[in-house]
Enquirer: 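I am attaching a structure below and will ask some questions about it afterwards.
What you see is a predicted model, and the numbers here were worked out from it, not measured in a lab. As a basis for the values below, the full set of heavy atoms in this structure was taken, side chains included, without hydrogen atoms, waters or symmetry mates.
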2 protein chains.
Amino acid sequence: MPDKQDVFKQLLKSNGLKVTNQRIAILEVMEKRPEEHLTVEEIYDYVKEKYSDIGLATVYRTIQVLSDLNVIDKLNLDDGYVRYELNIASEEGEGHHHHHLICLKCGSVLTFRDDLLETLEERIQKSLNFQVTDHEVKLYGYCEECRKMVENE
Amino acid sequence: MPDKQDVFKQLLKSNGLKVTNQRIAILEVMEKRPEEHLTVEEIYDYVKEKYSDIGLATVYRTIQVLSDLNVIDKLNLDDGYVRYELNIASEEGEGHHHHHLICLKCGSVLTFRDDLLETLEERIQKSLNFQVTDHEVKLYGYCEECRKMVENE
DNA sequence: GTGTCTGCAAACTTTTTGCAAGTCC
DNA sequence: GGACTTGCAAAAAGTTTGCAGACAC
């Protein structure tokens with residue numbers, strides 16, 4: 001895992017930003033929990049385990065930096081919380097989107113990858129002359145667990 | 001337009017809620033501006049034109065009611081504002097989703113309708129055993145106007 | 001050494017809540 | 001009349017900002 005951190009450190013430096021313990025600690029939290037869709041408060045709590053003196057304001061400021069550098073993505077799962085997750089696309093190259101399946105009963109969130117929207121994007125491009133560069137898809141429904149529970153009732 | 005209001009009044013009554021001037025006024029604001037993606041503050045300002053005594057808290061509470069009754073939808077266009085719009089699907093029948101094209105340069109929002117995600121939903125259903133009931137799609141890119149401006153530079 | 005960053009506290013913004021008075025049915 | 005609503009003000013929740021001291025390089 002040192003590679004990722006080195007990349008991050010380079011990224012900071014090349015943008016005139018400094019490498020600080022707090023920033024590294026927050027990155028580590030995000031890296032340890034990919035696809036966990038953490039809220040700011042959760043990130044704050046996790047970081048405090050290793051870096052108890054950190055302030056909430058620093059977490060907010062660092063999240064902003066990470067977001068600007070496209071290291072993490074902002075996420076809205078309609079549960080009233082703003083969430084963040086590692087930007088996986090930036091590691092795997094462009095075009096590898098991942099989307100979210102949100103269970104309306106238990107609130108769990110599954111992730112899936114799919115590039116099937118390309119045909120849609122082409123059609124949009126032709127019919128509306130809108131150049132699509134990215135997309136976000138959220139699917140709502142009922143997860144395997146919740147479906148089983150309903151069947152057994 | 002009296003029909004819609006009658007439907008709404010019925011909907012309120014059948015849920016044990018009361019028909020008040022404030023609720024009707026807010027519904028009218030939403031109906032007059034379909035696809036305008038209003039913020040709470042905007043709704044508040046518009047309603048005050050006709051109903052100057054209304055309080056902001058009432059707007060929040062009414063929006064909650066309208067949202068619970070599926071008359072309006074919450075919307076997040078990643079610009080830092082929570083927005084609402086009339087739920088058109090509830091009028092046209094299920095399955096008629098509409099999605100959003102967000103211009104990364106000027107921030108304008110276009111709407112389009114498409115049911116093309118059905119094949120994707122089927123595949124998700126089979127592979128992950130997740131029953132999809134609804135979806136939301138946001139496409140990011142550059143609108144016609146902004147593309148023209150770039151070309152002419 | 002200098003410019004950036006941090007922690008703290010205060011300020012701000014957005015949304016929710018308690019309550020007495022008012023409205024709907 | 002009784003239950004539901006409203007407006008107001010206060011409170012709560014979430015986020016940003018100013019600043020003095022600390023840190024990175």
Enquirer: Which hydrophobic side chains are connected to A:L75, either touching it within the sub-4.5 Å cutoff or through other members that do?
Expert: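 Grouped by the 4.5 Å side-chain rule, A:L77, A:I102, A:L104, A:V109, A:Y140, A:Y142 form the rest of the cluster around A:L75.
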Enquirer: Please report the distance, rounded to the nearest Å, between NZ in A:K13 and P in C:dT4.
Expert: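 Computing the A:K13:NZ to C:dT4:P distance gives 16 Å.
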Enquirer: Under a 3.5 Å cutoff, is there a donor and acceptor pairing between the side chains of B:N129 and A:R147?
Expert: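 Distance-only check passes for B:N129 and A:R147.
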Enquirer: Between residues 38-53 of chain A and DNA chain C, which residues have a heavy-atom gap below 4.0 Å?
Expert: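 Output list: A:Y51, A:D53.
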Enquirer: What pair of heavy atoms forms the shortest contact from A:I72 to A:I63, and how long is it?
Expert: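 Taking every non-hydrogen atom into account, CD1-O, 3.8 Å.
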Enquirer: Measure CZ/A:R23 against C1'/C:dG7 and give the value in whole Å, please.
Expert: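 For the pair A:R23 CZ and C:dG7 C1', the rounded distance is 14 Å.
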Enquirer: To the nearest 0.5 Å, what is the distance between NE2 (B:H98) and CG (B:L110)?
Expert: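 Going from NE2 on B:H98 over to CG on B:L110, the span is 11.5 Å.
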Enquirer: Under a plain distance cut-off of 3.5 Å, with no hydrogens placed, do B:D6 and B:Q10 share a side-chain donor-acceptor pair?
Expert: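 Side-chain D/A pair, B:Q10 to B:D6: absent.
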Enquirer: Has the side chain of B:N76 got a donor or acceptor atom that lies under 3.5 Å from a matching backbone atom of B:D78?
Expert: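 Yes, B:N76 side chain to B:D78 backbone: donor-acceptor pair under 3.5 Å.
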Enquirer: side-chain hydrogen bond (donor to acceptor under 3.5 Å, both in side chains) between B:Q5 and B:E28: does it pass, once the steps are laid out?
Expert: CA-CA 8 Å; B:Q5 288 201 5; B:E28 282 180 354; 2.9 Å; yes
Enquirer: Kindly calculate the angle separating the two end axes of the helix from C:dG1-D:dC25 to C:dC25-D:dG1, each obtained from five base pairs, and round it to 10 degrees.
Expert: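 The end axes of the helix from C:dG1-D:dC25 to C:dC25-D:dG1 are about 40° apart, to the nearest 10°.
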Enquirer: Could you measure the distance from the CG atom of B:N87 to the CD atom of B:E85? Nearest 0.5 Å is fine.
Expert: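 Atom-to-atom, B:N87:CG and B:E85:CD are 8.0 Å apart.
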Enquirer: Without decimals, in angstroms, what is the distance between A:D68 CG and C:dC5 P?
Expert: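 These atoms are roughly 12 Å apart.
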Enquirer: Under 4.0 Å between a Lys/Arg side-chain N and an Asp/Glu carboxylate O for B:D53 and B:K48?
Expert: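 No, no charged N to carboxylate O under 4.0 Å.
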Enquirer: What distance separates B:S108 OG from B:E144 CD, expressed to the nearest 0.5 Å?
Expert: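 Rounded to the nearest 0.5 Å, the OG-CD separation comes to 10.5 Å.
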Enquirer: Quick check for you: name the first and last nucleotides of DNA chain D, 5' to 3', having an atom under 4.0 Å from a heavy atom of chain A.
Expert: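 Listing 5' to 3', DNA chain D meets chain A from D:dG14 to D:dC25.
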Enquirer: B:T58 side chain to B:I54 main-chain N or O, any donor-acceptor pair under 3.5 Å?
Expert: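 Side chain of B:T58 to backbone of B:I54, a donor-acceptor pair under 3.5 Å: no, none is there.
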Enquirer: Could you give the CG-to-C1' distance, from A:L17 to C:dT2, as a whole number of Å?
Expert: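 Going from A:L17 (CG) to C:dT2 (C1'), I get 16 Å.
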Enquirer: Would you mind building the protein contact string for nucleotides 16-24 of chain C? One character per nucleotide, 5' to 3', B for base within reach (heavy atoms under 4.0 Å), S for sugar-phosphate only, - for untouched.
Expert: BBB-----B
Enquirer: Please state how far atom CG in A:L12 lies from atom C1' in C:dT6, giving the value in whole angstrom units.
Expert: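 Spelled out: CG on A:L12 to C1' on C:dT6 is 15 Å.
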Enquirer: Answer with yes or no whether the side chains of A:E121 and A:H135 bring together a donor and an acceptor at under 3.5 Å.
Expert: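 A pair is found: one side chain offers a donor N or O, the other an acceptor, under 3.5 Å apart.
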Enquirer: Show every ring pair (Phe, Tyr, Trp, His ring centres under 6.0 Å) that has at least one partner inside residues 15-48 of chain B, sequence neighbours left out.
Expert: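 For residues 15-48 of chain B: B:H37-B:H100.
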